[in-house]
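See below for the structure under consideration.
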Amino acid sequence: MDKFELTILGCNSAMPAHGRFPTSQVLNVSGELLLIDCGEGTQMRMSQYKIKRNQIRHILISHLHGDHIYGLPGFLGSLSHLSRTAPLKIYGPPGLQEYVSTCLRISQSHIDYNIEIVEVALSSLNPLFRTSKFTVEAFPVNHRIPCMGFLIKETPRPVNIKKDAVSTYEMSIPEIKAVKAGQDLLRDGKQIPNEDLTHPRRRARSYAYCADTQIYGWSKDHLRGIDMLYHEATYLDELREQAHTRGHATALEAAELAKRLDVDQLIIGHYSSRYRSIDALVEEAQTVFPNTVGGYDGMIRNIDA
Ligand SMILES: [Zn+2]
Ligand SMILES: [Zn+2]
């Protein structure tokens, strides 16, 4: 259960087209599931990809355009039909509370579990919450309406002491604790270096989701060197002007950003319905950033520990 695994449920923009649903994805961090955006079709894709709806504990909503939230009221209603009792927390921009409560009220939906909606201030990098497995931070991006991206970082895993070191040096419990905290060990007046006593700490994995946005006009230093970046690439670069007018990015721009930020891999998505095939978008991005993957509904990407 040491997963850090992204499943794309939908990666089209605006409306379902060409076998692609609008935006939604699930990140599984060691068995804890996080739903990111909830476009139309989210539930159908979850059952198709065998993701249990009731396992979702947190939902992150980037912005209030329909292609990111039209699946949400139905999803919340289904959880009640599935006899959910566990509380659910939803994070999103101001206006999310009104959207959800209006939909549920007018449709006379009965929700038998607790929904807590947190409307997030969009001024700068903003810590949202942490679990034992990961932390989530929100950051503003630059779209036509208030919109945020999310940075999910795995909680650093504890240092493991080599078993033979414990027996060789007959380490006491306080000494084990001190070594786990990074200290060296003293034996017979000699200092045993910490790295001789412990296994190398496994690095904490990281993922950032940059939904609808231009690549300009927002701060992105916190994304430098992350493992996996999802960035929208609504258009080919020949439509750069149109992309900017509509608050979007091109495949080439997403790739330039990934290169500048020195991320490990780039996943593009949020494709315009004008593209039946995404091949040209992926090829365009790969000319600048070879480790680009074209996201597709059903794509699963794990970052190895
Ligand atoms: Zn969108
Ligand atoms: Zn949008």
Side-chain angles (χ1 to χ4, degrees), residues 6-27 34-45 59-75 90-100 103 119-120 122 138-151 207-218 220 229-237 239-254 257 266-276 278 281-282 285 294-299:
L6 178 73
T7 302
I8 293 192
L9 306 178
C11 60
N12 212 47
S13 69
M15 62 181 181
H18 316 307
R20 306 188 295 258
F21 275 116
T23 300
S24 183
Q25 39 185 259
V26 168
L27 187 70
L34 189 60
L35 177 63
I36 306 173
D37 279 341
C38 193
E40 189 182 349
T42 296
Q43 294 195 74
M44 294 301 291
R45 288 302 195 209
I59 301 177
L60 309 175
I61 298 293
S62 63
H63 66 304
L64 298 182
H65 277 155
D67 54 328
H68 299 253
I69 58 169
Y70 283 163
L72 185 58
F75 180 82
I90 312 175
Y91 297 81
L96 181 63
Q97 174 77 60
E98 185 185 355
Y99 168 68
V100 170
C103 287
E119 294 190 344
V120 179
L122 279 167
F139 53 92
V141 293
N142 184 14
H143 192 37
R144 298 199 307 280
I145 62 172
C147 185
M148 65 188 117
F150 302 104
L151 174 60
Y207 170 61
Y209 170 83
C210 300
D212 300 14
T213 183
Q214 300 188 48
I215 65 161
Y216 308 105
W218 53 282
K220 38 189 92 68
L229 172 71
Y230 175 94
H231 198 283
E232 73 127 284
T234 308
Y235 300 104
L236 284 169
D237 206 55
L239 293 178
R240 185 180 281 217
E241 207 171 305
Q242 179 170 322
H244 293 185
T245 310
R246 299 183 179 181
H248 291 299
T250 70
L252 194 76
E253 289 178 317
L257 185 65
L266 169 68
I267 300 169
I268 56 170
H270 199 267
Y271 313 114
S272 163
S273 301
R274 65 169 50 237
Y275 305 113
R276 179 171 292 277
I278 63 163
L281 293 149
V282 178
Y296 58 89
D297 296 23
M299 189 188 88

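Just so you know, ligand 1 is whichever comes first in the structure, and atom 1 is the first atom listed for that ligand.
- Restricting His143 to its N/O/S atoms, the shortest distance to the Zn ion (ligand 2) is reached by NE2.
- Taking all atoms of both residues into account, the shortest heavy-atom contact from Leu64 to Pro94 is CD1-O, 3.6 Å.
- Counting heavy-atom neighbours within 6.0 Å of Tyr99 OH, excluding the residue itself, gives a total above 12.
- To the nearest 0.5 Å, atoms NE2 (His244) and OG1 (Thr250) are separated by 6.0 Å.
- For His18 (side chain) and Ser273 (main-chain N/O), a donor-acceptor pair under 3.5 Å exists by modelled atom type.
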Walk me through it: do Ile278 and Arg20 pass the test side chain to side chain contact (heavy atoms under 4.5 Å, CB included)? CA-CA 11 Å; Ile278 63 163; Arg20 306 188 295 258; 3.5 Å; yes

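- Listed here is the closest heavy atom pair of Leu151 and Ala208: CD1-CB, 4.0 Å.
- Rounding to the nearest 0.5 angstrom, the gap separating the CD1 atom in Ile61 from the CD atom in Glu119 is 12.0 Å.
- Distances from the Zn ion (ligand 1) under 2.8 Å pick out these protein N/O/S atoms: Asp67 OD2, His68 NE2, Asp212 OD2, His270 NE2.
- For the Zn ion (ligand 2), the set of nearby N, O or S atoms under 2.8 Å includes none belonging to His248.
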